[in-house]
Amino acid sequence: MCSILLLKLSKACLLLMRIKRWLIFAVSAGCVLLNKFNVAAQTVTLDYYFNHKMHNNAAGKPEHFHYTWEDKTNTGFSIFGDTFIREGARLDTLDYAPTAQNLKRTDVYIIVDPDTKKVNPNPHYIESNDIKEISAWVKRGGVLIMMANDSAHVELPHFNKLAAMFGMHFNVDLENHVINDQHFNEGAVITTGNPMFKTAHKIFMKDVCSIGVKYPAKVALKNSNGAVIIATAKYGKGTVLAVGDPWFYNEYTNGRLPKDFENDKAANDVVEWLMKQVPKRVE
């Protein structure tokens, strides 16, 4: 009788151990799914207020273009947007001046190539109240991407007032000047070993402005001349990434580059890095 009881007890213990292992697996799987859910809830908002360049489309109607999610031509950000989507994010746009209210559900906010009067007769400059709202949003945990251009094509005086909040300054200069397609290597930058670029080893970035950095900003990438072309900063609970060029527009992420350039991989690397900077948000 005792041997039978011991056998039954042994089987019961074995069953309990299996149930315990299953519960541990279920909890772990649940945590993974929850993490995926959080990533899927992250919103990447592209500014359409400071950058609002217009032209007439094929039908002759006015159309916002140049660094937009919808633009699938060389000047668009559609491929860049797809990279965020693959990381589980959702895309949004902001056609108005940024405020605490309209940035409330935004995790990543991108401002690229603010307008000058040369491309927009009535540009929206980044003013003091905009700086106050954006910097406060970053401080609460927002991730801000500032993408400039060479000084002839971007409004730097006001953009730099925002950059100064984070120890950055876009310089009035021209780095990585590329004359034409026979001189792609003039825009080459080696990224091997750079912690931001896990898979890309050689990227292309042409006609960029360099970036001055002081605390809290840090150098993220220099070109072959030693000029800073990407910088980062921690500000409160948030993060800022500054790039001296719009960089990831379709023309240079869609295979037009020679095969040894890896801007497509660089886009994946940078987006992965950015999404890791976003604080977890409880829904």
Side-chain angles (χ1 to χ4, degrees), residues 32 35-48 51 66-72 74-94 103 105-113 134 137-138 141-149 166 168 189-205 208 211 218-221 229-235 237-257 261-281:
V32 171
N35 183 59
K36 288 292 184 182
F37 176 78
N38 282 337
V39 171
Q42 293 172 345
T43 299
V44 180
T45 299
L46 181 59
D47 161 69
Y48 281 14
N51 166 41
H66 225 183
Y67 316 130
T68 67
W69 295 141
E70 301 84 8
D71 187 355
K72 296 184 183 298
N74 280 345
T75 60
F77 262 4
S78 62
I79 296 175
F80 192 25
D82 289 343
T83 308
F84 281 106
I85 291 172
R86 286 196 299 271
E87 281 293 313
R90 65 178 292 272
L91 304 182
D92 201 356
T93 60
L94 185 59
L103 287 176
R105 305 308 297 173
T106 291
D107 299 287
V108 179
Y109 179 41
I110 306 172
I111 303 176
V112 54
D113 193 34
I134 295 170
W137 171 81
V138 174
V143 177
L144 173 66
I145 309 174
M146 303 179 66
M147 306 181 86
N149 209 330
F166 315 112
M168 303 170 177
V189 182
I190 301 302
T191 54
T192 302
N194 188 299
M196 187 177 289
F197 299 92
K198 292 185 176 180
T199 64
H201 300 284
K202 182 181 179 181
I203 65 170
F204 179 81
M205 199 185 298
V208 310
I211 305 170
K218 295 181 179 180
V219 175
L221 183 66
I229 54 176
I230 301 180
T232 63
K234 298 299 291 185
Y235 187 78
K237 296 179 181 179
T239 304
V240 180
L241 173 73
V243 186
D245 188 67
W247 191 22
F248 286 138
Y249 50 102
N250 295 342
E251 183 175 6
Y252 296 119
T253 49
N254 65 356
R256 199 178 84 78
L257 293 170
F261 289 99
E262 299 178 313
N263 279 22
D264 52 346
K265 291 182 179 180
N268 294 334
D269 292 339
V270 171
V271 166
E272 182 180 339
W273 182 88
L274 286 166
M275 301 310 272
K276 287 180 179 177
Q277 311 309 309
V278 177
K280 289 290 185 292
R281 186 174 67 194

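Just so it is clear, the structure is predicted and the values come from calculations on it, not from any experiment. Worth knowing before you read on, the calculation uses all heavy atoms, side chains too, and leaves out hydrogens, waters and symmetry mates.
- Residues Val271 and Phe84 approach most closely at CG1-CD2, 3.6 Å, considering heavy atoms.
- Listed by chain and residue number, nothing satisfies the side-chain hydrogen bond (donor to acceptor under 3.5 Å, both in side chains) test with Thr191 (two or more places apart in sequence, or in another chain).
- Between Trp69 and Phe77, the ring planes lie tilted relative to each other; the angle falls in the 30° to 60° range.
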Inset, instruction - Dump the intermediate steps for side chain to side chain contact (heavy atoms under 4.5 Å, CB included) on Tyr109 and Val138, then the final yes or no. - result: CA-CA 9 Å; Tyr109 179 41; Val138 174; over 6 Å; no

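- Taking Tyr235 as the reference, nothing meets the side-chain hydrogen bond (donor to acceptor under 3.5 Å, both in side chains) condition, with sequence neighbours excluded.
- Taking CD1 of Ile110 as the reference point, atom OG1 of Thr93 lies at 11.5 Å (rounded to 0.5 Å).
- Counting all heavy atoms, side chain and backbone alike, Met196 lies closest to Val270 at SD-CG2, 4.2 Å.
- Without hydrogens or angle criteria, Asn263 side chain to Ile203 main chain gives no donor-acceptor distance under 3.5 Å.
- For the residue pair Trp273 and Gln277, the shortest heavy atom distance occurs at O-NE2, 2.9 Å.
- Across every non-hydrogen atom of Asp113 and Tyr67, the tightest pair is OD2-CE1, 3.3 Å.
- The side-chain hydrogen bond (donor to acceptor under 3.5 Å, both in side chains) check on Asn194 picks up nothing, with sequence neighbours excluded.
- The CG atom of Leu274 lies 11.5 Å from the CG atom of Asp107; values are rounded to the nearest 0.5 Å.
- Only one option out of Asn268, Asp269, Ile190 pairs with Phe197 in a side-chain contact (heavy atoms from CB on, under 4.5 Å); it is Asp269.
- Arg86 pairs by the salt bridge (Lys or Arg N to Asp or Glu O under 4.0 Å) definition with nothing, not counting sequence neighbours.
- Between the CZ atom of Arg90 and the OG1 atom of Thr43 there is a distance of 4.0 Å, given to the nearest 0.5 Å.
- Residues that satisfy the side-chain contact (heavy atoms from CB on, under 4.5 Å) test with Thr75, not counting sequence neighbours, are Phe65, His66, Asp71, Thr73.
- For Lys265, the side-chain contact (heavy atoms from CB on, under 4.5 Å) test picks out Thr199, Ala200, Glu262, with sequence neighbours left out.
- Take Ile79 and apply the side-chain contact (heavy atoms from CB on, under 4.5 Å) test, not counting sequence neighbours, and it matches Asn250, Thr253, Asn254.
- Distance check, rounded to the nearest 0.5 Å: CG of Leu103 to CG of Asp92 gives 10.0 Å.
- Take Lys276 and apply the side-chain hydrogen bond (donor to acceptor under 3.5 Å, both in side chains) test, not counting sequence neighbours, and it matches Glu272.
- Atom CD of residue Glu70 and atom CG of residue Leu46 lie 8.5 Å apart, to the nearest 0.5 angstrom.
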Which atom pairs, donor and acceptor, lie under 3.5 Å between side-chain atoms of residues 239-249 and protein residues at least two apart or in another chain?
residue	atom	partner	partner atom	Å
Thr239	OG1	Lys234	NZ	2.6
Asp245	OD2	Trp247	N	2.8
Trp247	NE1	Phe204	O	3.1

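- In this structure, Ile211 CD1 and Ile230 CD1 are separated by 7.5 Å, a value rounded to the nearest 0.5 Å.
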